[in-house]
**Q** 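Structure incoming, see below.
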Protein chains: 2
Amino acid sequence: MGHTCVTATTSDEGAAVPVTIRDVARASGVHISTVSRTFSAPHLVNPETRVRVLACAEDLGYRPNRAARALITGRTHNIGLIIADIANPFFPPLIKAAESQARHRDYHVFVADTNEDPTAEEELVHALAKQVDGVLLCSPRMSNSLIEQLSREVPLVVVNRQVTGLPCVLMDVGQGARSAIEHLVGLGHRSIALLGGPRSSWTNREMRRAAGAAARAGGAELTMLGPNAPTEVGGSAVAEQVRRSGVSAVLAYNDLMAIGLIEGLDALGVRVPQEVSVVGVDDITLSRLTRPKLTTVATPTGAAGRTAVDMLLQQDIESPRGARGSGAGTALGVRRTTAQVMLQTDLVIRDSTGPGPYARPARPLAAPRGPGPHCPAGPGIPTAATGDAVAS
Amino acid sequence: MGHTCVTATTSDEGAAVPVTIRDVARASGVHISTVSRTFSAPHLVNPETRVRVLACAEDLGYRPNRAARALITGRTHNIGLIIADIANPFFPPLIKAAESQARHRDYHVFVADTNEDPTAEEELVHALAKQVDGVLLCSPRMSNSLIEQLSREVPLVVVNRQVTGLPCVLMDVGQGARSAIEHLVGLGHRSIALLGGPRSSWTNREMRRAAGAAARAGGAELTMLGPNAPTEVGGSAVAEQVRRSGVSAVLAYNDLMAIGLIEGLDALGVRVPQEVSVVGVDDITLSRLTRPKLTTVATPTGAAGRTAVDMLLQQDIESPRGARGSGAGTALGVRRTTAQVMLQTDLVIRDSTGPGPYARPARPLAAPRGPGPHCPAGPGIPTAATGDAVAS
DNA sequence: CGTGGTGCTGCAAAGGTTTGCAATGAAGTA
DNA sequence: TACTTCATTGCAAACCTTTGCAGCACCACG
């Protein structure tokens with residue numbers, strides 16, 4: 001069975017007779033338009049009338065029907081947030097930041113998970129299209145052309161993917177991967193593996209590109225492993241492969257995989273960082289709690305969420321879709337300013353990386369840092385897109 | 001700075017002239033009602049006409065406006081899912097299960113996070129009320145009376161909380177806590193701590209009650225610690241306190257806290273399970289990957305999500321709120337069957353629990369242990385009161 | 001007294017869709 | 001032929017709200 005039914009009763013207390021603006025109007029003896037104005041333009045109604053209407057509304061438990069309102073104003077005050085996989089701890093900070101930012105602007109955020117499935121993604125955009133004022137597409141798995149096509153249906157902002165002609169929020173994982181490789185090379189590693197993530201991930205491509213270049217520049221050999229599922233399981237699954245490959249260091253697609261890999265290596269009796277160094281990407285909270293603490297490329301997820309919301313709302317405000325007053329100007333095409341913002345990443349060095357086979361012996365263990373130390377990623381909200389400036 | 005602006009262009013490609021049912025009607029030379037029926041009741045329209053209409057619709061890129069449809073049918077085919085904290089890995093499986101179940105019933109799920117904030121919870125229910133057909137309230141932090149009140153505004157199903165008169169999906173954490181305590185007592189532990197979670201959590205109260213009873217029955221002493229934040233940080237924060245309390249075993253509110261505690265103890269040089277045994281609750285995927293693997297009470301989160309959706313849809317189907325045809329029968333109150341379902345939990349024994357100070361010596365298990373290193377006899381700490389004696 | 005302004009309110013259209021009912025025509029039945 | 005039945009389609013109301021416009025009363029100013 002698996003479950004026990006505790007109780008099952010049937011009551012017939014009235015199930016919320018929906019109270020409309022008309023009921024309030026009747027109760028307070030005014031026209032419905034006055035009630036409407038009481039809520040959406042209070043300064044236009046006599047204070048005396050206003051309090052009476054408000055009292056009646058309160059009394060009847062009236063709540064404006066947002067769907068009906070949206071039908072005529074063309075704005076729902078909702079934002080859709082489409083995520084590849086909520087189970088990935090990379091996303092919650094982004095979600096929370098987006099929600100908080102949206103709340104300040106009097107917007108609500110609805111999150112939907114696609115299970116890394118491009119088809120679900122597309123369907124979700126369609127479903128959301130008319131119920132939100134815009135959609136944030138995070139780490140999408142569908143094709144760029146499809147994204148462009150969908151963007152004609154509802155305003156879109158893309159996160160973690162570069163789509164020409166669309167506003168994008170990117171994290172500089174290229175720079176991050178480069179720093180990570182340089183860090184490893186500096187520690188004396190010459191044979192490094194890159195644990196790839198999902199094939200359709202833009203981040204994945206960027207990392208391969210940048211890591212490859214950095215390895216060449218540093219005289220190290222880079223082995224590409226993957227694609228893999230971007231999860232702990234995906235990481236621990238390749239532990240054996242990593243051991244056989246004989247590399248002395250690994251850069252993983254994300255922290256989850258890095259942690260999984262460390263666990264997997266441990267199970268095989270391979271010690272981290274003594275025998276193999278591991279670097280992750282994302283700096284999820286967990287990476288500070290595992291043992292050894294994870295060296296990782298910190299991505300500014302919160303800032304990404306905030307920026308994306310800002311960009312969406314900015315783009316949204318100047319083009320009130322579906323409004324009626326479109327006398328003449330609107331029809332001939334709305335100016336849409338599409339900015340692409342790149343957020344910086346930072347290498348955070350902890351305990352999962354150590355000296356490699358080619359380490360210079362004199363190395364003092366404590367603080368061997370190559371490039372600039374990890375400045376605490378300033379949550380500075382980028383003043384995205386200075387408008388129409390052509391020269392950048 | 002924190003970011004770099006890559007590009008900023010302005011294009012003026014028309015931003016989605018919204019194509020309506022009227023456009024399709026005009027294009028295909030039929031009345032709008034025929035177009036409507038083509039989508040919502042295809043069997044009522046001539047196959048020949050149908051294909052023509054569909055062709056035109058496809059051609060124009062027409063998509064029915066769900067908001068407008070909802071306005072008249074009274075059903076949005078959306079479900080709201082309100083979660084205390086998306087960052088807690090306990091929830092993703094529940095969310096995914098709910099989504100999958102909803103999809104089968106042709107529904108979409110919108111998730112919203114409340115940051116463990118009761119006020120945000122209430123506001124969210126209001127915001128969702130008219131845009132969804134029902135709301136799943138997971139691990140709510142607001143009061144029962146408020147929940148009851150809100151349930152008059154929109155159909156509600158509550159998860160992880162018992163509210164009389166409302167459909168609830170519960171997990172038998174009482175049974176789980178009992179099993180955990182019995183397991184520990186069986187291993188020879190006589191001094192056990194319970195790491196509490198959030199105060200307003202129903203689960204928390206249930207665990208205290210059941211664990212207290214089980215400890216008394218087993219002749220063990222139970223120390224209540226908390227309330228605490230239900231996170232890794234919350235767990236590691238009390239490590240020192242746990243060590244000082246001298247208990248030989250701990251039952252944590254959830255896996256996150258258990259893992260945090262283990263890390264915290266490790267930092268203090270206290271080994272798990274050799275010196276202290278730790279049990280968690282939830283069986284999140286991570287609990288299989290940390291070292292030592294976590295002994296935990298597995299909760300059926302997926303089943304909970306599915307069940308909740310089923311209950312909501314079932315209750316929903318028989319009461320089409322806001323429909324117009326309410327000639328006579330509907331007005332006088334809809335029968336609402338409110339079932340409360342209790343899902344079973346299971347103790348999963350892994351590596352974070354081991355023999356305690358009072359273990360029978362014949363135990364062939366692992367390393368032979370001397371008597372408990374920590375205050376074997378003198379229990380300086382009295383068992384905390386078991387809270388409200390009033391049977392709930 | 002006339003004129004203009006102001007503050008408040010009502011009127012009615014509009015937004016995109018669904019749906020009960022009526023109209024049409026064709027086919028079947030007596 | 002007249003009547004019924006059926007399939008298909010059109011008509012128009014309804015859902016709940018917003019908003020441009022017009023109306024009204026009142027006041028101040030000239």
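Note: hydrogens, waters and symmetry copies are ignored here, and every other heavy atom, side chains too, is used.
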**Q** Could you pull out the closest heavy-atom pair between B:P64 and B:R69, with the gap in Å?
**A**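 Minimum heavy-atom separation between B:P64 and B:R69: CB-NH2, 3.5 Å.
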
**Q** Compare the minimum distances between each of C:dT17, D:dT18, D:dT9 and the side chain of B:N46, then state the nucleotide with the smallest one.
**A**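 Nearest to the side chain of B:N46 among the choices is D:dT9.
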
**Q** Quick check: any donor-acceptor pair below 3.5 Å linking the side-chain of B:R22 to the base of C:dG15?
**A**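 By the distance-only test, no, there is no pair.
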
**Q** Is the phosphate of D:dG10, meaning OP1 or OP2, less than 4.0 Å from a side-chain N or O of B:T34?
**A**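 For B:T34, the contact criterion (side-chain N or O under 4.0 Å from OP1 or OP2 of D:dG10) is met.
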
**Q** Quick one: B:F39 CZ to C:dT17 P, roughly how many Å, whole number?
**A**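 These atoms are roughly 9 Å apart.
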
**Q** NE2 of B:H43 versus C1' of D:dT8: gap in Å, rounded?
**A**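 To the nearest whole Å, that distance equals 12 Å.
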
**Q** Rounded to whole Å, please give me the gap between CZ in B:R75 and P in C:dT18.
**A**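 Result: 15 Å.
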
**Q** What are the two closest non-hydrogen atoms of A:P167 and A:Q315, and how far apart are they?
**A**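 Minimum heavy-atom contact is CG-OE1, 3.3 Å.
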
**Q** What nucleotide among D:dC15, D:dT18, C:dT17 has an atom nearest to a side-chain atom of B:L71?
**A**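 Output: D:dC15.
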
**Q** Confirm from the modelled atom types if A:R37 and C:dG10 form a donor-acceptor pair under 3.5 Å, side chain to base only.
**A**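 For A:R37, whose side chain was compared with the base of C:dG10, there is a donor-acceptor pair (under 3.5 Å).
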
**Q** State whether the side chain of A:N144 and the backbone N or O of A:Q162 hold a donor-acceptor pair below 3.5 Å, judged by distance alone.
**A**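 Side chain of A:N144 to backbone of A:Q162, a donor-acceptor pair under 3.5 Å: yes, one is there.
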
**Q** Between C:dT17, D:dC11, D:dT19, which nucleotide has the shortest distance from any of its atoms to the side chain of A:T73?
**A**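 Nearest listed nucleotide: D:dT19.
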
**Q** Indicate the atoms forming the closest heavy-atom contact of A:I147 with A:L156, along with that distance.
**A**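 Where A:I147 meets A:L156 most closely, the heavy atoms are O-CD2, 3.7 Å.
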
**Q** Does the side chain of A:S33 get closer than 4.0 angstrom to OP1 or OP2 of C:dG10 through an N or O atom?
**A**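 Answer is no, no contact under 4.0 Å.
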
**Q** Nearest whole angstrom, please: distance from the P of D:dT18 to the NZ of B:K130.
**A**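 Distance, rounded to whole Å: 12 Å.
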
**Q** Is any NZ, NE, NH1 or NH2 atom of the basic residue among B:R141 and B:D117 found under 4.0 Å from an Asp or Glu carboxylate oxygen of the other?
**A**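 No.
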
**Q** For A:R63 and D:dT17, give me the distance from atom CZ to atom P, rounded to whole Å.
**A**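 Checked: the CZ to P distance equals 13 Å.
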
**Q** Send over the distance from A:I72 CD1 to C:dG15 C1', rounded to a whole Å.
**A**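 Taking CD1 of A:I72 and C1' of C:dG15, I get 6 Å after rounding.
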
**Q** Just how far, in rounded Å, is C1' of C:dT17 from CZ of B:R66?
**A**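 Checked: the CZ to C1' distance equals 13 Å.
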
**Q** Rounded to the nearest angstrom, tell me the gap between atom CG in A:L44 and atom C1' in D:dC21.
**A**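 Checked: the CG to C1' distance equals 14 Å.
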
**Q** Which nucleotide in the list D:dC11, C:dT17, D:dT18 gets nearest to the side chain of A:I21?
**A**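 Output: D:dT18.
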
